[in-house]
Number of protein chains: 2
Amino acid sequence: MAEDLTLVDSLVQSSFLVQGVMRRVAARQDLSVIQMRLLGILRDREPGTLLLSRILELDKSSVTGLVDRAEKRGLVERVPDPDDGRAVRIKLTRGGRAIVTKGAAEVEAEIETVAAGLTDPQRRQLAGLLSRFASPPARPAVPGTERSPS
Amino acid sequence: MAEDLTLVDSLVQSSFLVQGVMRRVAARQDLSVIQMRLLGILRDREPGTLLLSRILELDKSSVTGLVDRAEKRGLVERVPDPDDGRAVRIKLTRGGRAIVTKGAAEVEAEIETVAAGLTDPQRRQLAGLLSRFASPPARPAVPGTERSPS
DNA sequence: TATTGTTATACTCTATAACTATA
DNA sequence: TATAGTTATAGAGTATAACAATA
(Lines give C-alpha, C1' and ligand atoms only; values in the text may rest on other atoms or scores of the structure.)
Protein backbone atom coordinates (compact mmCIF):
# COMPACT_ATOMS: atom_id res chain seq x y z
CA MET A 1 0.00 0.00 0.00
CA ALA A 2 0.96 3.67 -0.14
CA GLU A 3 1.96 3.72 -3.79
CA ASP A 4 4.29 6.65 -4.30
CA LEU A 5 2.77 10.04 -4.90
CA THR A 6 4.29 12.55 -7.24
CA LEU A 7 6.78 14.94 -5.73
CA VAL A 8 4.29 17.78 -5.75
CA ASP A 9 1.47 15.69 -4.28
CA SER A 10 3.68 14.40 -1.51
CA LEU A 11 4.82 17.93 -0.69
CA VAL A 12 1.27 19.26 -0.63
CA GLN A 13 -0.04 16.42 1.49
CA SER A 14 2.81 16.57 3.97
CA SER A 15 2.33 20.33 4.25
CA PHE A 16 -1.29 19.80 5.30
CA LEU A 17 -0.19 17.12 7.72
CA VAL A 18 2.42 19.36 9.33
CA GLN A 19 0.06 22.30 9.44
CA GLY A 20 -2.50 20.06 11.14
CA VAL A 21 0.03 19.09 13.79
CA MET A 22 0.84 22.74 14.40
CA ARG A 23 -2.81 23.62 14.56
CA ARG A 24 -3.50 21.03 17.23
CA VAL A 25 -0.42 21.96 19.26
CA ALA A 26 -1.24 25.67 19.11
CA ALA A 27 -4.87 24.97 20.00
CA ARG A 28 -3.74 23.39 23.26
CA GLN A 29 -2.51 26.84 24.28
CA ASP A 30 -5.67 28.35 22.77
CA LEU A 31 -3.56 29.83 19.99
CA SER A 32 -3.79 29.76 16.21
CA VAL A 33 -0.97 28.65 13.92
CA ILE A 34 -0.27 32.22 12.91
CA GLN A 35 -0.02 33.34 16.54
CA MET A 36 2.36 30.49 17.34
CA ARG A 37 4.36 31.34 14.24
CA LEU A 38 4.59 34.94 15.36
CA LEU A 39 6.00 33.83 18.70
CA GLY A 40 8.41 31.52 16.88
CA ILE A 41 9.77 34.36 14.80
CA LEU A 42 10.28 36.51 17.87
CA ARG A 43 12.42 33.87 19.55
CA ASP A 44 15.58 35.32 18.09
CA ARG A 45 14.57 38.80 16.90
CA GLU A 46 12.77 42.01 17.82
CA PRO A 47 11.43 43.18 14.49
CA GLY A 48 9.17 46.13 13.75
CA THR A 49 5.70 45.90 12.30
CA LEU A 50 6.89 46.35 8.75
CA LEU A 51 9.59 43.70 8.86
CA LEU A 52 7.17 41.29 10.49
CA SER A 53 4.68 41.91 7.71
CA ARG A 54 7.35 40.97 5.17
CA ILE A 55 8.37 37.84 7.03
CA LEU A 56 4.78 36.67 7.48
CA GLU A 57 3.71 37.90 4.05
CA LEU A 58 0.83 39.83 5.58
CA ASP A 59 -0.29 43.40 5.24
CA LYS A 60 1.13 45.63 7.96
CA SER A 61 -2.37 46.34 9.23
CA SER A 62 -2.91 42.61 9.69
CA VAL A 63 0.26 42.49 11.76
CA THR A 64 -1.00 45.33 13.93
CA GLY A 65 -4.07 43.24 14.78
CA LEU A 66 -2.06 40.07 15.29
CA VAL A 67 0.31 41.82 17.69
CA ASP A 68 -2.59 43.57 19.41
CA ARG A 69 -4.16 40.25 20.30
CA ALA A 70 -0.87 38.69 21.36
CA GLU A 71 -0.08 41.72 23.49
CA LYS A 72 -3.50 41.65 25.13
CA ARG A 73 -2.72 38.11 26.23
CA GLY A 74 0.66 39.09 27.59
CA LEU A 75 2.67 37.08 25.05
CA VAL A 76 4.50 39.96 23.37
CA GLU A 77 5.17 43.61 24.06
CA ARG A 78 5.82 46.68 21.98
CA VAL A 79 8.77 48.81 22.95
CA PRO A 80 9.73 52.09 21.27
CA ASP A 81 12.58 51.83 18.80
CA PRO A 82 15.40 53.96 20.22
CA ASP A 83 16.70 54.73 16.72
CA ASP A 84 13.45 55.70 15.01
CA GLY A 85 10.64 57.61 16.63
CA ARG A 86 8.07 56.14 14.27
CA ALA A 87 8.95 52.53 14.86
CA VAL A 88 8.31 49.94 17.55
CA ARG A 89 10.13 46.77 18.39
CA ILE A 90 8.02 43.75 19.06
CA LYS A 91 9.45 41.28 21.52
CA LEU A 92 8.48 38.17 23.42
CA THR A 93 7.52 38.43 27.05
CA ARG A 94 8.72 35.77 29.44
CA GLY A 95 5.33 34.08 29.26
CA GLY A 96 5.37 34.20 25.47
CA ARG A 97 8.78 32.59 25.39
CA ALA A 98 7.65 29.82 27.72
CA ILE A 99 4.67 29.06 25.49
CA VAL A 100 6.60 28.99 22.24
CA THR A 101 9.32 26.82 23.79
CA LYS A 102 6.74 24.33 24.93
CA GLY A 103 4.88 24.47 21.61
CA ALA A 104 8.04 23.87 19.61
CA ALA A 105 8.87 20.85 21.74
CA GLU A 106 5.40 19.43 21.22
CA VAL A 107 5.48 19.95 17.48
CA GLU A 108 8.85 18.25 17.43
CA ALA A 109 7.55 15.30 19.42
CA GLU A 110 4.41 14.85 17.32
CA ILE A 111 6.23 15.05 14.04
CA GLU A 112 8.84 12.62 15.28
CA THR A 113 6.00 10.23 16.02
CA VAL A 114 4.71 10.50 12.48
CA ALA A 115 8.23 9.98 11.18
CA ALA A 116 8.75 6.91 13.34
CA GLY A 117 8.44 4.64 10.32
CA LEU A 118 11.64 5.99 8.80
CA THR A 119 15.07 4.59 9.52
CA ASP A 120 17.82 6.89 10.71
CA PRO A 121 19.53 7.13 7.32
CA GLN A 122 16.17 7.84 5.72
CA ARG A 123 15.51 10.63 8.18
CA ARG A 124 18.87 12.22 7.47
CA GLN A 125 18.25 11.90 3.78
CA LEU A 126 14.79 13.44 4.01
CA ALA A 127 16.05 16.31 6.15
CA GLY A 128 18.86 16.98 3.70
CA LEU A 129 16.63 16.97 0.64
CA LEU A 130 13.99 19.12 2.29
CA SER A 131 16.59 21.59 3.48
CA ARG A 132 17.68 22.14 -0.06
CA PHE A 133 14.06 22.40 -1.09
CA ALA A 134 12.98 24.73 1.71
CA SER A 135 15.98 27.02 1.31
CA PRO A 136 17.01 27.05 -2.34
CA PRO A 137 20.46 28.65 -2.66
CA ALA A 138 19.40 31.15 -5.33
CA ARG A 139 16.35 32.66 -3.72
CA PRO A 140 15.97 36.44 -3.99
CA ALA A 141 13.73 36.40 -0.95
CA VAL A 142 13.13 38.88 1.79
CA PRO A 143 15.90 38.71 4.38
CA GLY A 144 14.75 36.60 7.28
CA THR A 145 11.82 35.01 5.51
CA GLU A 146 10.27 31.72 6.59
CA ARG A 147 11.69 31.22 10.01
CA SER A 148 9.08 29.26 11.88
CA PRO A 149 8.13 28.12 15.40
CA SER A 150 10.62 25.35 15.67
CA MET B 1 25.38 27.86 2.82
CA ALA B 2 22.13 26.11 3.68
CA GLU B 3 23.52 23.96 6.43
CA ASP B 4 21.10 21.13 6.99
CA LEU B 5 18.12 21.73 9.19
CA THR B 6 16.76 19.10 11.50
CA LEU B 7 14.10 16.84 10.06
CA VAL B 8 11.36 18.63 11.95
CA ASP B 9 12.61 22.10 11.02
CA SER B 10 12.86 21.21 7.36
CA LEU B 11 9.34 19.77 7.40
CA VAL B 12 7.90 22.83 9.11
CA GLN B 13 9.67 25.26 6.82
CA SER B 14 8.73 23.42 3.67
CA SER B 15 5.13 23.26 4.85
CA PHE B 16 5.05 27.05 5.12
CA LEU B 17 6.67 27.33 1.73
CA VAL B 18 4.11 25.04 0.10
CA GLN B 19 1.22 26.74 1.87
CA GLY B 20 2.54 30.07 0.62
CA VAL B 21 2.58 28.79 -2.95
CA MET B 22 -0.98 27.57 -2.60
CA ARG B 23 -2.05 30.84 -1.09
CA ARG B 24 -0.65 32.85 -3.97
CA VAL B 25 -2.11 30.52 -6.59
CA ALA B 26 -5.55 30.55 -4.95
CA ALA B 27 -5.41 34.33 -4.58
CA ARG B 28 -5.06 34.66 -8.34
CA GLN B 29 -8.59 33.24 -8.57
CA ASP B 30 -9.59 35.38 -5.60
CA LEU B 31 -9.84 32.25 -3.49
CA SER B 32 -8.42 31.22 -0.13
CA VAL B 33 -6.39 28.06 0.43
CA ILE B 34 -9.31 26.41 2.19
CA GLN B 35 -11.66 27.18 -0.70
CA MET B 36 -9.19 25.75 -3.20
CA ARG B 37 -8.71 22.73 -0.98
CA LEU B 38 -12.47 22.22 -0.88
CA LEU B 39 -12.59 22.24 -4.67
CA GLY B 40 -9.65 19.83 -4.75
CA ILE B 41 -11.45 17.36 -2.54
CA LEU B 42 -14.55 17.51 -4.72
CA ARG B 43 -12.60 16.60 -7.83
CA ASP B 44 -13.24 12.90 -7.29
CA ARG B 45 -16.09 12.82 -4.75
CA GLU B 46 -19.52 14.18 -3.85
CA PRO B 47 -19.43 14.10 -0.05
CA GLY B 48 -22.04 15.39 2.37
CA THR B 49 -21.47 18.19 4.86
CA LEU B 50 -20.53 15.83 7.65
CA LEU B 51 -17.97 13.83 5.70
CA LEU B 52 -16.45 17.06 4.41
CA SER B 53 -16.14 18.32 7.96
CA ARG B 54 -14.20 15.19 8.87
CA ILE B 55 -11.90 15.43 5.86
CA LEU B 56 -11.18 19.11 6.45
CA GLU B 57 -11.11 18.74 10.23
CA LEU B 58 -13.62 21.57 10.59
CA ASP B 59 -16.88 21.83 12.45
CA LYS B 60 -19.89 21.02 10.27
CA SER B 61 -21.19 24.56 10.69
CA SER B 62 -17.90 25.88 9.31
CA VAL B 63 -18.39 23.66 6.28
CA THR B 64 -21.87 25.03 5.78
CA GLY B 65 -20.42 28.52 5.51
CA LEU B 66 -17.56 27.41 3.30
CA VAL B 67 -19.94 25.71 0.89
CA ASP B 68 -22.36 28.64 1.04
CA ARG B 69 -19.68 31.00 -0.19
CA ALA B 70 -18.44 28.61 -2.86
CA GLU B 71 -22.00 28.02 -4.04
CA LYS B 72 -22.70 31.73 -4.18
CA ARG B 73 -19.76 32.03 -6.55
CA GLY B 74 -21.01 29.19 -8.70
CA LEU B 75 -18.11 26.86 -7.91
CA VAL B 76 -20.07 24.06 -6.21
CA GLU B 77 -23.68 23.01 -5.89
CA ARG B 78 -25.73 21.13 -3.32
CA VAL B 79 -27.93 18.35 -4.63
CA PRO B 80 -30.31 16.32 -2.47
CA ASP B 81 -29.01 12.90 -1.49
CA PRO B 82 -31.36 10.37 -3.11
CA ASP B 83 -30.76 7.85 -0.32
CA ASP B 84 -31.23 10.13 2.70
CA GLY B 85 -33.74 12.91 2.94
CA ARG B 86 -31.64 14.81 5.49
CA ALA B 87 -28.45 14.81 3.50
CA VAL B 88 -27.04 16.76 0.59
CA ARG B 89 -24.29 15.94 -1.83
CA ILE B 90 -21.81 18.67 -2.58
CA LYS B 91 -20.36 18.61 -6.06
CA LEU B 92 -18.23 20.73 -8.32
CA THR B 93 -19.85 22.78 -11.04
CA ARG B 94 -18.20 22.97 -14.41
CA GLY B 95 -16.74 26.35 -13.51
CA GLY B 96 -15.45 25.02 -10.20
CA ARG B 97 -13.76 22.14 -11.95
CA ALA B 98 -12.10 24.47 -14.41
CA ILE B 99 -10.73 26.61 -11.62
CA VAL B 100 -9.37 23.75 -9.55
CA THR B 101 -7.79 22.14 -12.60
CA LYS B 102 -6.03 25.37 -13.42
CA GLY B 103 -5.05 25.95 -9.80
CA ALA B 104 -3.58 22.48 -9.44
CA ALA B 105 -1.52 22.96 -12.58
CA GLU B 106 -0.18 26.25 -11.30
CA VAL B 107 0.69 24.84 -7.90
CA GLU B 108 2.47 22.01 -9.68
CA ALA B 109 4.42 24.40 -11.87
CA GLU B 110 5.44 26.70 -9.03
CA ILE B 111 6.56 23.88 -6.80
CA GLU B 112 8.48 22.32 -9.66
CA THR B 113 10.29 25.62 -10.03
CA VAL B 114 11.29 25.60 -6.39
CA ALA B 115 12.42 21.98 -6.76
CA ALA B 116 14.49 22.78 -9.82
CA GLY B 117 17.70 22.46 -7.84
CA LEU B 118 17.20 18.76 -7.29
CA THR B 119 18.37 16.09 -9.66
CA ASP B 120 15.92 13.50 -10.96
CA PRO B 121 17.06 10.76 -8.58
CA GLN B 122 16.82 13.22 -5.71
CA ARG B 123 13.29 14.13 -6.68
CA ARG B 124 12.25 10.49 -6.79
CA GLN B 125 13.89 9.90 -3.46
CA LEU B 126 12.22 12.89 -1.86
CA ALA B 127 8.82 11.92 -3.24
CA GLY B 128 9.25 8.39 -1.96
CA LEU B 129 10.30 9.43 1.52
CA LEU B 130 7.56 12.03 1.79
CA SER B 131 4.95 9.57 0.59
CA ARG B 132 5.81 7.28 3.42
CA PHE B 133 5.79 10.24 5.77
CA ALA B 134 2.54 11.74 4.52
CA SER B 135 0.69 8.43 4.52
CA PRO B 136 2.09 6.27 7.32
CA PRO B 137 0.86 2.70 6.86
CA ALA B 138 -0.50 2.36 10.38
CA ARG B 139 -2.65 5.45 10.62
CA PRO B 140 -6.07 4.99 12.21
CA ALA B 141 -7.29 8.07 10.42
CA VAL B 142 -10.64 9.10 9.10
CA PRO B 143 -11.33 7.41 5.76
CA GLY B 144 -10.56 9.83 2.98
CA THR B 145 -8.55 12.24 5.07
CA GLU B 146 -5.95 14.61 3.64
CA ARG B 147 -6.69 14.55 -0.04
CA SER B 148 -5.68 17.92 -1.37
CA PRO B 149 -5.94 20.18 -4.45
CA SER B 150 -3.38 18.48 -6.53
C1' DT C 1 7.87 63.59 0.37
C1' DA C 2 8.57 58.97 2.12
C1' DT C 3 8.24 55.74 5.84
C1' DT C 4 6.27 53.46 10.11
C1' DG C 5 2.49 52.34 12.24
C1' DT C 6 -2.49 52.50 13.50
C1' DT C 7 -7.52 52.94 12.69
C1' DA C 8 -11.90 52.15 10.26
C1' DT C 9 -14.25 49.03 7.64
C1' DA C 10 -15.66 44.83 5.42
C1' DC C 11 -15.28 40.16 4.44
C1' DT C 12 -13.72 35.25 5.21
C1' DC C 13 -12.97 31.62 8.39
C1' DT C 14 -13.99 29.22 12.53
C1' DA C 15 -16.34 27.26 16.75
C1' DT C 16 -20.31 26.77 20.04
C1' DA C 17 -25.02 26.35 20.89
C1' DA C 18 -29.54 25.88 19.46
C1' DC C 19 -32.57 24.59 16.04
C1' DT C 20 -35.24 21.79 12.01
C1' DA C 21 -36.09 17.77 9.55
C1' DT C 22 -35.43 13.10 8.67
C1' DA C 23 -33.98 8.29 10.15
C1' DT D 1 -33.42 9.14 20.16
C1' DA D 2 -29.83 9.86 16.85
C1' DT D 3 -28.14 11.91 12.63
C1' DA D 4 -27.56 15.54 8.77
C1' DG D 5 -27.63 19.98 8.14
C1' DT D 6 -28.49 24.99 8.97
C1' DT D 7 -28.80 29.34 11.64
C1' DA D 8 -27.36 32.72 15.10
C1' DT D 9 -23.67 34.59 17.23
C1' DA D 10 -19.06 35.88 18.41
C1' DG D 11 -14.35 36.26 17.64
C1' DA D 12 -9.88 35.73 14.90
C1' DG D 13 -7.56 36.72 10.66
C1' DT D 14 -7.02 39.37 6.52
C1' DA D 15 -6.86 43.32 3.03
C1' DT D 16 -7.85 48.15 1.45
C1' DA D 17 -8.00 52.87 2.27
C1' DA D 18 -7.26 56.71 5.01
C1' DC D 19 -4.84 58.73 8.63
C1' DA D 20 -0.99 60.56 12.19
C1' DA D 21 3.62 61.05 13.39
C1' DT D 22 8.33 60.98 12.33
C1' DA D 23 12.28 60.87 8.96
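All values reported here derive from a predicted model rather than from experimental measurement. A note on names: the letters A, B, ... follow the listed sequences, proteins ahead of strands, and every chain is numbered from 1.
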Of all the nucleotides listed ([options]), which has the minimum atom distance to the side chain of [X]?
X      : options                   : value
L58(A) : dT6(C), dT14(D), dT6(D)   : dT14(D)
S32(A) : dT16(D), dC13(C), dG13(D) : dG13(D)
Q35(B) : dT14(D), dA21(C), dC13(C) : dC13(C)
D59(A) : dA4(D), dT14(D), dT16(D)  : dT16(D)
R86(A) : dA21(D), dA4(D), dG5(C)   : dA21(D)
A87(A) : dT4(C), dT14(D), dT7(C)   : dT4(C)

Touch check for [X], heavy atoms < 4.0 angstrom, all strands: base, sugar-phosphate only, or nothing?
X      : value
S62(A) : base
V63(A) : nothing
R89(B) : nothing
G85(B) : sugar-phosphate
S61(B) : base
D81(B) : nothing
T49(A) : sugar-phosphate

Original post:
Would one find a side-chain N or O of R78(B) under 4.0 angstrom from OP1 or OP2 of dT6(D)?
Top reply: yes

Write down the distance between [atom1] ([X]) and [atom2] ([N]), rounded to a whole number of angstrom.
X      : N       : atom1 : atom2 : value
E57(A) : dA15(D) : CD    : P     : 10 Å
E46(B) : dA4(D)  : CD    : C1'   : 17 Å
R54(A) : dG5(C)  : CZ    : C1'   : 13 Å

Original post:
When you look at F16(A) and V18(B), which way does the side chain to side chain contact (heavy atoms under 4.5 Å, CB included) test go after all the steps?
Top reply: CA-CA 9 Å; F16(A) 280 119; V18(B) 170; over 6 Å; no

**OP:** Answer with yes or no whether the side chains of E77(A) and T93(A) bring together a donor and an acceptor at under 3.5 Å.
**Re:** no

Original post:
Once you round to the nearest 0.5 Å, how far does CE of M22(A) lie from OG of S15(B)?
Top reply: 4.0 Å

Original post:
What residues, two or more places apart in sequence or in another chain, satisfy side chain to side chain donor-acceptor pair (under 3.5 Å) together with Q125(A)?
Top reply: none

Original post:
Any salt bridge between R24(B) and E106(B), counting N to O under 4.0 Å?
Top reply: no

Original post:
What about R69(B): does its side chain form a donor-acceptor pair under 3.5 Å with the base of dT12(C)?
Top reply: no

